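All values below were derived from every heavy atom in this structure, side-chain atoms included, with hydrogens, water molecules and symmetry-related copies excluded. Not measured: the values here are computed from a predicted model.
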Protein chains: 2
Amino acid sequence: MSLRHAILGLLARSPSTGYELTRKFDRSLRTSWHASHSQIYPELAKLERAGLVEVVSRGARRSKTYGITDSGREELRHWLVEAEPDRSQRNESGVRLFLTPLLDPADRHATYERDLSHVEVELDGLEELRAQVNASEMPEPFAPQIELGIRINTVIRDWLREQLDNGG
Amino acid sequence: MSLRHAILGLLARSPSTGYELTRKFDRSLRTSWHASHSQIYPELAKLERAGLVEVVSRGARRSKTYGITDSGREELRHWLVEAEPDRSQRNESGVRLFLTPLLDPADRHATYERDLSHVEVELDGLEELRAQVNASEMPEPFAPQIELGIRINTVIRDWLREQLDNGG
DNA sequence: AAATGACATGTCGTTTCTTACATGTCAACC
DNA sequence: GGTTGACATGTAAGAAACGACATGTCATTT
């Protein structure tokens, strides 16, 4: 059950409302896990009942800001360090890329082009994020993770360009 | 619904039994999609009812070998080329890697070590596969995909080594 | 002759996820 | 004063996925 641990992780970084968590899943966690608000709100309620998170403040528009509790931190650490990692993945783009050689050259070219545009946009976003982090005074402990994202996307971009150049 | 298209894709490469598909998901598609036999058999039955696959032969132990039909190929092509790709991912390892900076140095080191061992094994497997393909007479249309897998895993391996070297 | 283990196909209950429905708050603009 | 749009939180039905249960085949080994 990664959803709960992803939520715990985001709350360990900073207290958030369900609405903010939804946006964070869509931004920082986009390339690793997806969750919509209809999953997040019920899960927050469950986590609260289990004592792993708590409401730390209430704001405008009925918003509730949740924070992680000590036992939440313990659970998160256990999952990250002790638990056997589940390496299985669900990545539709990966399936597509894997099956692309089945297509005739014209279709193959079109899908590689489409993927290339997407990766380039992705890379631009990550590079901008890196620039922001570098320019800021605050040390950013997640900088290496940004760097990894850039490197992986660069490899994919270059590979796609090669395929297009080689009539792939 | 990627499962059905992943199955169609595997059957487009070569006719297979449900049992063989289960192993193929676990081998070639492991890094992109996971499915167990309890999903595969019912899905094959659905695909057959929909006329996208058909039983092409029956063998020992009640086994049924399925092949893709023309309308299955059409559906597969449509999904690969025309349909709007779903870029959302589910990758527990990615979530872990993303959250690792929350850990203290000792725990962080331990998890990076664990991930490094895993990536190294993965890489060995891929490099062996590439060597087999290179040694074989048959041209392998999926060679570039193997190459991409190697490059991505190499980037991750090097990044993990850097983190370990920098006391990360 | 019996046991083992890979091959082979299925079902079932529970959990997880998606999509759509539903409601309400607040600031800014027209 | 009304509209728009971002903010904000929920529920519910149905689909997909997981883990456990269940059954049987066949070749090899003991």
Side-chain angles (χ1 to χ4, degrees), chain A residues 1-8 10-11 15-27 29-30 32-50 53-66 79 83-92 95, chain B residues 1-8 10-11 15-27 29-30 32-50 53-66 79 83-92 95:
Chain A
M1 212 192 328
S2 286
L3 175 64
R4 76 172 351 176
H5 296 108
I7 290 176
L8 287 174
L10 288 173
L11 292 181
S16 317
T17 66
Y19 188 81
E20 286 165 343
L21 287 174
T22 306
R23 283 183 310 180
K24 284 174 187 180
F25 267 93
D26 223 53
R27 299 222 228 288
L29 228 46
R30 190 178 70 266
S32 299
W33 202 265
H34 173 261
S36 55
H37 77 275
S38 63
Q39 252 191 301
I40 290 168
Y41 289 116
E43 189 63 36
L44 277 171
K46 262 201 238 173
L47 286 166
E48 194 186 9
R49 283 198 297 277
V53 307
E54 61 189 356
V55 175
V56 292
S57 74
R58 282 157 193 276
R61 298 186 188 95
R62 298 173 175 189
S63 73
K64 285 181 284 184
T65 300
Y66 289 89
W79 181 73
E84 187 57 31
D86 176 359
R87 314 267 180 191
S88 73
Q89 303 201 4
R90 289 216 137 62
N91 172 2
E92 206 179 282
V95 177
Chain B
M1 213 192 327
S2 285
L3 175 63
R4 75 175 350 180
H5 296 108
I7 290 175
L8 287 173
L10 288 174
L11 292 181
S16 316
T17 66
Y19 188 82
E20 285 165 343
L21 286 173
T22 306
R23 284 183 310 181
K24 284 173 187 181
F25 267 93
D26 222 53
R27 299 222 228 288
L29 229 47
R30 191 178 67 268
S32 299
W33 203 267
H34 174 261
S36 54
H37 77 276
S38 64
Q39 251 190 301
I40 290 168
Y41 289 115
E43 189 64 37
L44 277 171
K46 263 200 239 172
L47 286 166
E48 194 187 6
R49 283 198 296 275
V53 306
E54 61 188 355
V55 175
V56 292
S57 73
R58 284 160 192 273
R61 299 186 186 93
R62 298 174 174 188
S63 73
K64 286 180 283 185
T65 300
Y66 289 89
W79 181 74
E84 186 58 30
D86 175 359
R87 312 268 181 191
S88 72
Q89 303 201 2
R90 292 217 134 64
N91 170 4
E92 207 180 281
V95 178

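Between the P atom of C:dT18 and the CD atom of A:E92 lies a distance of 11 Å, rounded to the nearest Å. At whole-Å resolution of the value, NE2 in B:H34 and P in D:dC18 are 6 Å apart. For the pair A:L44 CG and D:dT11 C1', the interatomic distance rounds to 15 Å; values are reported in whole Å. With rounding to whole Å, A:D26 atom CG is found 14 Å from D:dA6 atom P. Taking atom CD on B:E20 and atom P on C:dA6, their separation rounds to 17 Å, with Å as the unit. Rounded to whole Å, the distance from CZ on A:R4 to P on C:dT16 is 8 Å. B:I40 has its CD1 atom 14 Å from the P atom of C:dT11, to the nearest Å. Atoms CZ (A:R58) and C1' (D:dG10) sit 14 Å apart, rounded to a whole Å.
Between the side chain of A:R30 and the backbone N or O of A:R27, at least one donor-acceptor pair lies under 3.5 Å. Looking only at distances, no side-chain donor or acceptor of B:S32 sits under 3.5 Å from a matching main-chain atom of B:L29.
When each of B:R90 and B:Y41 is assigned the nucleotide of DNA chain C with its nearest heavy atom, B:Y41 is the one assigned upstream, toward the 5' end. Residues B:A60 and B:M1 each lie close to DNA chain D; by heavy-atom proximity, the contact nearer the 5' end of the strand is made by B:M1.
More than 12 heavy atoms of other shown residues, nucleotides or ligands fall within 6.0 angstrom of atom CZ in A:R23.
Looking at the side chain of A:Y19, the nearest of the listed nucleotides D:dC7, D:dC18, C:dA6 is D:dC7. Nearest to the side chain of A:S63, among C:dG10, D:dA8, C:dT25, sits D:dA8. Among C:dT16, D:dA8, C:dT19, the nucleotide with an atom closest to any side-chain atom of A:K46 is C:dT16. Each of C:dC17, C:dC26, D:dA17 was ranked by its minimum atom distance to the side chain of A:Q39; first place goes to C:dC17.
At a threshold of 4.0 angstrom between heavy atoms, the contacts of A:H37 include nucleobase atoms, whether or not backbone atoms are also involved. If you check every strand for non-hydrogen atoms under 4.0 Å, A:R23 touches sugar and phosphate atoms only.
A heavy-atom distance below 4.5 Å is found between the side chains of A:S16 and A:L11.
When each of A:Q89, A:R90, A:H34, A:R87 is paired with B:N91, the side chain to side chain contact (heavy atoms under 4.5 Å, CB included) condition holds for A:Q89 and for no other.
Judged by atom type and distance alone, A:S38 does not reach the base of D:dG10 through any side-chain donor-acceptor pair under 3.5 Å. In terms of polar N and O atoms assigned as donor or acceptor, the side chain of A:T17 never comes within less than 3.5 Å of the base of D:dT9 in a complementary pairing.
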